S.K.: 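Structure provided below as structure tokens; questions to follow.
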There are 2 protein chains.
Amino acid sequence: MDRDEKRKRIVEIAGNFISRFGWQKTTMEGIAGKAKMAKSSLYYYFQNKEDIYQAVIERDSRMLRQKVWADISEVTSPTDKLSAYINARMTALQRLSNYYSTLTDEFLDKYSFVRYEREKFKLFEENTIHHILTEGCIKGIFKIENMQKTCDSIIMAIKGMEPILVLRKNFPRGDSIVENMLNLLFNGIRYKK
Amino acid sequence: MDRDEKRKRIVEIAGNFISRFGWQKTTMEGIAGKAKMAKSSLYYYFQNKEDIYQAVIERDSRMLRQKVWADISEVTSPTDKLSAYINARMTALQRLSNYYSTLTDEFLDKYSFVRYEREKFKLFEENTIHHILTEGCIKGIFKIENMQKTCDSIIMAIKGMEPILVLRKNFPRGDSIVENMLNLLFNGIRYKK
DNA sequence: TATCGAATAAAATATAAATACGGTCGAAAT
DNA sequence: ATTTCGACCGTATTTATATTTTATTCGATA
């Protein structure tokens with residue numbers, strides 16, 4: 001097992017600890033124990049605890065973005081894509097929330113890479129929605145005047161669903177809440193003669 | 001100044017303290033000081049601190065509902081009403097958030113009337129949106145299949161705007177974010193031939 | 001190069017003393 | 001009779017301090 005493999009292994013173990021017990025209660029000794037090496041050996045692979053945490057967050061964020069992208073790639077129509085996106089995003093967020101649960105403002109100030117990863121997810125979300133909407137326009141299914149602002153609005157609508165959807169484990173295709181919100185976003189409420 | 005007047009005065013002072021420093025840092029001695037009476041005299045008008053808090057929350061919630069309703073009554077068209085509602089609701093919420101800022105779960109358990117007032121606001125919001133949408137349907141401006149679920153969706157969309165709108169003091173009519181979200185809710189993004 | 005155990009420094013936690021605060025009561029003032 | 005008050009009590013909160021836990025360093029070793 002070479003250096004890189006071991007680094008990955010440590011990150012995996014640390015991620016397990018953090019998602020289960022949080023950042024504070026995860027100790028270097030605990031990680032070392034699971035990895036079957038002395039505590040001090042960890043410092044051969046990482047500069048410090050913060051460094052491991054950063055690696056964990058980066059790895060998980062990356063995996064989650066991949067998962068979301070894979071899910072929306074499975075369907076073809078833009079409407080289905082939007083539905084799949086919301087579904088994947090919510091379950092993804094639920095997993096990530098374990099990492100962020102203990103997060104205070106001072107914590108965010110101290111470990112700025114957390115902010116950075118969040119910012120990255122925000123950009124990913126904007127790009128993905130933008131991508132889906134553009135595809136819908138090209139296919140002649142959507143008609144959008146101001147693409148940027150419409151993206152923003154849809155993202156805001158998705159964020160409004162968070163409190164309800166994040167509580168439930170998963171919601172099947174055809175979930176009435178998501179379904180209804182999408183219907184609203186697609187058709188609007190104005191009467192067309 | 002009779003008994004009732006003094007009660008109102010105390011509630012007003014307490015509300016001022018709570019909105020500025022929060023519930024915990026508001027002391028009976030502080031309120032008494034501003035009201036120019038001894039701490040113990042407060043207990044002649046209210047049973048305990050919790051009682052004052054309850055009176056403050058009730059008063060403010062009532063005032064805010066009145067303010068919101070007054071604002072949407074000033075305009076006539078359902079689209080304007082929805083716009084006015086969001087505007088009024090957000091500024092209202094900003095004031096109220098000062099009361100709720102320090103709120104933890106255990107706090108909510110202890111002071112159940114806070115939950116109660118929140119529930120009341122939720123009902124008020126549902127009714128108001130319902131009212132506006134129904135009016136729009138009658139006037140032939142809106143066309144809504146499932147009224148209840150559409151209400152829910154619009155409320156969720158409004159909640160998604162909170163994080164952005166609550167930060168700013170006030171947003172003029174024609175604010176691009178609100179304007180754009182409303183446009184989306186009204187017209188949707190589906191192409192109509 | 002990779003691993004370790006022991007030593008150190010910093011942070012978290014537990015303990016004890018001091019203070020602040022909500023609430024009570026009986027007396028005084030109006 | 002109604003309203004105000006100061007003194008008092010017990011508990012919750014804060015502060016100060018001791019103790020333990022934990023992150024990190026370092027020299028030795030295989």
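None of the values given here were measured: they were computed from a predicted structure. Atom set for the values below is all heavy atoms of this structure, side chains included, hydrogens, waters and symmetry mates excluded. Within every chain, numbering begins at 1; the chains are lettered A, B, ... in the order of the sequence lines, protein sequences first and strands thereafter.
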S.K.: Roughly, in whole Å, what's the span from NZ in Lys36(B) to P in dT3(D)?
M.R.: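 In whole Å, dT3(D) P and Lys36(B) NZ are 20 Å from each other.
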
S.K.: Does any part of the side chain of Tyr44(A), heavy atoms only, come nearer than 4.5 Å to the side chain of Lys6(A), both counted from C-beta?
M.R.: no

S.K.: Glu29(A) CD to dA11(C) P: how many Å, rounded?
M.R.: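 Computing the Glu29(A):CD to dA11(C):P distance gives 19 Å.
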
S.K.: I want to check something: taking the side chain as every heavy atom from C-beta on, are Phe113(B) and Glu58(B) in contact at a cut-off of under 4.5 Å?
M.R.: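 Answer no - side chains too far apart.
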
S.K.: For a quick check of understanding: with a heavy-atom distance under 4.0 Å over all strands, which category does Thr27(B) fall into, base, sugar-phosphate or nothing?
M.R.: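 If one applies the 4.0 Å heavy-atom cut-off, Thr27(B) turns out to touch the sugar-phosphate alone, with no base involved.
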
S.K.: Find the distance Tyr53(A):OH to dT22(D):P and express it as a whole number of Å.
M.R.: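 That distance rounds to 18 Å.
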
S.K.: Does atom CD (Glu50(B)) have a neighbourhood of more than 12 heavy atoms from anything else shown, all under 6.0 Å?
M.R.: yes

S.K.: Output the distance between atom CG (Leu133(A)) and atom NE2 (His130(A)), rounded to the nearest 0.5 Å.
M.R.: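 Leu133(A) CG to His130(A) NE2: 8.0 Å, rounded to 0.5 Å.
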
S.K.: To the nearest Å, give me how far apart CD (Gln47(A)) and C1' (dT25(D)) are.
M.R.: 13 Å

S.K.: Please report, rounded to the nearest Å, how far the P atom of dT24(D) is from the OH atom of Tyr45(A).
M.R.: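 Between P of dT24(D) and OH of Tyr45(A): 18 Å.
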
S.K.: Provide, to the nearest angstrom, the distance between the CE atom belonging to Met37(A) and the C1' atom belonging to dT3(C).
M.R.: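 Interatomic distance, CE of Met37(A) to C1' of dT3(C): 9 Å.
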
S.K.: Are Arg7(A) and Phe46(A) in a cation-pi contact, defined as NZ or CZ under 6.0 Å from the six-membered ring centre and within 45° of the axis?
M.R.: yes

S.K.: Rounding to 10°, can you tell me the angle the first-five-pair axis of the helix from dT1(C)-dA30(D) to dT30(C)-dA1(D) makes with its last-five-pair axis?
M.R.: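 Taking five pairs per end, the axes differ by 30°.
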
S.K.: Using a strict threshold of under 4.0 Å (side-chain N to carboxylate O), is an ion pair present between Glu125(A) and Lys122(A)?
M.R.: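 No salt bridge links Lys122(A) with Glu125(A).
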
S.K.: Please tell me which of the listed nucleotides, dC4(C), dG23(C), dA23(D), lies nearest to the side chain of Ala38(A)?
M.R.: dC4(C)

S.K.: Rounded to the nearest Å, what distance is computed from the NZ atom of residue Lys6(B) to the P atom of nucleotide dT2(D)?
M.R.: 15 Å

S.K.: So does Asp4(B) pair up with Lys8(B), basic N to acidic O under 4.0 Å?
M.R.: no

S.K.: State whether Tyr44(B) places a side-chain N or O below 4.0 Å from either non-bridging phosphate oxygen (OP1 or OP2) of dT4(D).
M.R.: no

S.K.: If you go through the side-chain atoms of Lys39(B), does one of them form a donor-acceptor pair with the base of dG6(D) closer than 3.5 Å?
M.R.: no

S.K.: In terms of side-chain heavy atoms of Ser40(B), which of dG22(C), dA23(D), dA7(D) is nearest?
M.R.: dA7(D)

S.K.: Which part of the nucleic acid, if any, lies within reach of Ser41(A) when heavy atoms closer than 4.0 Å are counted: base, sugar-phosphate only, or nothing?
M.R.: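 The answer is base, as Ser41(A) lies within the cut-off (heavy atoms under 4.0 Å) of a base atom.
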
S.K.: Roughly, in whole Å, what's the span from NZ in Lys25(A) to P in dA23(D)?
M.R.: 14 Å

